[in-house]
> 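This is the structure I have questions about; it appears just below.
Chain A is the first sequence line, chain B the second, and so forth, proteins listed ahead of strands; every chain is numbered from 1.
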Number of protein chains: 2
Amino acid sequence: MPVQERSIDTVQSIHEATIQVLLQVGSEKLTTVRVAERAGVSVGTMYQYYPNKQALLYTVLEEHLTALMEEVERACRGSAGAEVAAMVENVVSAFIQAKLRVRQKSLVLYEVSPQFRQDGLMKRIAKRGRQAIAAMLRSTKAIPPEEVEFASLMFYSTLTGTVATVLAKGAPASMLEAARRHLIVMLTAYLTALSTES
Amino acid sequence: MPVQERSIDTVQSIHEATIQVLLQVGSEKLTTVRVAERAGVSVGTMYQYYPNKQALLYTVLEEHLTALMEEVERACRGSAGAEVAAMVENVVSAFIQAKLRVRQKSLVLYEVSPQFRQDGLMKRIAKRGRQAIAAMLRSTKAIPPEEVEFASLMFYSTLTGTVATVLAKGAPASMLEAARRHLIVMLTAYLTALSTES
DNA sequence: ACCTGAACACCGTTCAAGT
DNA sequence: ACCTGAACACCGTTCAAGT
C-alpha cells in the first residue's frame, strides 16, 4: 500500500477511474486496462495496489456502502429516545436522501455486489445497519425487548429492499416520495403492532 | 432452436449442466467449456442453441424466476375475496415455501441476476408479481383503490427483499419461521393502516 | 440437422526492466 | 519506492470439416 505521496495520488485516481468506467461502460465491459488508462497509469501499477480486479471493485463497493450506512447510523443515533413514528420517519428519510445523492453510483455498483455475497461484505454492512436500528429501537419502551432484534432485521430489509426495487424501476421523484410515505406507514404500523401484541 | 429429438435432449442437458456447474463451482468459475463438458457435448454445440454465455444464464434464470412467480400468482388467485389477514398469510407462506424448495439454486442464481438488470428481466418478473398482488388486493373493499398499485409494490418488495436478506444470512429454519411471522404482522398492519387512513 | 474442436480475439495477471 | 508494457494463460466465440 502507498507510502510516498505520488502513490497516494495514484491509488486515489485508480479508485475514481473505476467509478468513472463503471458509469460509462458498465461492469460487464470494465477491464483492468481501461481503468488503468483512465487513471493515467499502466496496468502493472494497478496491480501494485490491488491484488486483482475483484479486490479493486470490492474496495470501491465497500467504501460506497460504508458511507451509506454511516448516514443510517447517524439518523439512528439522532432518533434515540424519540417516538416510534419519528424514528421511522427520520431513518427512512435519511436513507432515501442518501441513496438519491449517489443514485447512479448505487445502480452500477449493484451490478458488482453479488460477487461478494460469499465474502460476507453485504452481510457485514447489513449487520451494521441492523445494529444501529436495534440500538435505536431499544431506546423506546414501546417495543418489547425480545422483538427488537428481529424487528431491526425487518426494518432494514424492508427499507433497503423497497428502495432498491423502486430505484431499479428508474423511478421518477414522485414515486420515491410515495415510497417514502408508504414505507413510513408500513414500518410505523409494524412497530406499533409489535408493541401492542403482547 | 431444436428440431429433432436428440437436439431437444441436448438443450435440456445444457440447461441442467448450467445449474450443476453453478452449484458446484459458482458463477465466477462457470465457463462455457465446463458447461459443455458437463452436458456431454462440445462448446460449438452450445453455441448452436445459445448465442452466448449470457443468453444461457439468462434462460436459466428466467425459467427459475418464472416458476417462482407462478407460485405467487397461484397463491394470489387462491386468495381473491379473502380477508386481508388471510391474503397476507397465504402469499407470504407460499413464497417462503417455494423459495425454500429451491434455496440453493436461488442463491447461486442471485449472483448471476444483476447482469440482467438492464435487460429488464427483473423488472418484468417484478411486474408480474405486483400485478398478481394488485389483482388480489382489488378483490377486497378494505383497501382504497387508489392505493392498490403502490401497496402491491410495497408488498412485493418487502416480501422479496426480506426473504432474500434472511436467506443470504444462511438462516436456519427457525429464523425463516420468525421471518414469516413478522412479515405477516408487518404486511397486515400496513394494509390495515392504509384502509383506515382515509 | 446436428455435432466437433482447433483457431482466434480479448482480457486478467505477471515480471523483467526502467526511473 | 514506484512505474512500464510486453508476454503468458485462460476463456468466450467462431467456423471449416465431419456425421
> Check this for me, if you would: do B/Arg124 and B/Glu62 make a salt bridge, where the nitrogen-to-carboxylate-oxygen distance has to be below 4.0 angstrom?
yes
> Please determine which of B/Leu56, B/Ile125, B/Leu121, B/Thr66 meets the side chain to side chain contact (heavy atoms under 4.5 Å, CB included) test together with B/Leu61.
B/Leu121
> Quick one: pull up CD in A/Gln115 and NZ in A/Lys53 and give me the separation to the nearest 0.5 Å.
7.5 Å
> Say you draw a straight line from CD of A/Gln4 to CG of A/Asp9; how long is it, rounded to the nearest 0.5 Å?
11.5 Å
> Within a reach of under 6.0 Å around CD of A/Glu149, are more than 12 heavy atoms found that belong to other residues, nucleotides or ligands?
no
> Please work out which residues in residues 12-25 of chain A have a non-hydrogen atom less than 4.0 Å from an atom of DNA chain C and list them by number.
none
> Examine the side chains of A/His64 and A/Ser106 and answer whether a donor and an acceptor come within less than 3.5 Å of each other.
yes
> Indicate whether OP1 or OP2 belonging to D/dT13 is found under 4.0 Å from a side-chain N or O atom of B/Tyr47.
yes
> Compute whether any side-chain donor of one residue and acceptor of the other, for A/Ser157 and B/Thr162, lie under 3.5 angstrom apart.
yes
> Within less than 4.0 Å of OP1 or OP2 of C/dT4, is there a side-chain N or O belonging to B/Thr45?
yes
> To the closest 0.5 Å, what do you measure between CZ (A/Arg130) and CE (A/Met154)?
12.5 Å
> With a non-hydrogen cut-off below 4.0 angstrom, is B/Ser7 in contact with a base, only sugar-phosphate, or nothing?
sugar-phosphate
> Starting at the 5' end of DNA chain C, which residue's closest nucleotide do you reach first, B/Arg6 or B/Gly44?
B/Arg6
> Round to the nearest Å and state the distance from A/Gln54 atom CD to C/dT13 atom P.
8 Å
> Heavy atoms under 4.0 Å, any strand shown: does B/Gln48 hit a base, just sugar-phosphate, or nothing?
base
> From D/dA1, C/dA1, D/dT13, pick the nucleotide closest to the side chain of B/Val43?
D/dT13
> Rounded to whole Å, please give me the gap between CG in B/Asp9 and C1' in C/dC2.
13 Å
> For B/Tyr49, answer base if it contacts any base atom (sugar-phosphate contacts may also be present), sugar-phosphate if it contacts only those atoms, and nothing otherwise; contact means non-hydrogen atoms under 4.0 Å.
sugar-phosphate
> Do A/Glu89 and A/Arg180 sit within salt-bridge range, that is, some charged N less than 4.0 Å from a carboxylate O?
yes
> Give the cluster check for A/Ile19 versus A/Leu107: same hydrophobic cluster or not, with ILVMFWY residues linked at side-chain heavy-atom distances below 4.5 Å.
no
> Name every residue in residues 30-41 of chain A that has at least one heavy atom under 4.0 Å from any atom of DNA chain C, in order of residue number, or write none if there are no such residues.
A/Leu30, A/Thr31, A/Thr32
> The side chain of B/Ser42 lies closest to which of these nucleotides: C/dC3, D/dT13, C/dT13?
C/dC3
> Rounded to whole Å, how long is the line connecting atom CD of A/Glu28 with atom P of C/dG12?
11 Å
> CD1 of B/Ile8 versus C1' of C/dC2: gap in Å, rounded?
13 Å
> Expressed in angstrom and rounded to an integer, what is the separation of B/Gln4 atom CD from C/dA1 atom C1'?
5 Å
> Return one dot-bracket line describing DNA chain D 5' to 3' (Watson-Crick or G-U wobble pairs, both distances under 3.5 Å; ( ) same strand, [ ] crossing, | another strand, . none).
||.|||||...|||||.||
> Hydrophobic cluster membership, with links at side-chain heavy-atom distances under 4.5 Å among I/L/V/M/F/W/Y: are A/Met175 and A/Tyr110 in one?
no
> Identify the two heavy atoms, one from B/Ser27 and one from B/Glu111, that lie closest to each other, and give their separation to 0.1 Å.
OG-OE1, 2.8 Å
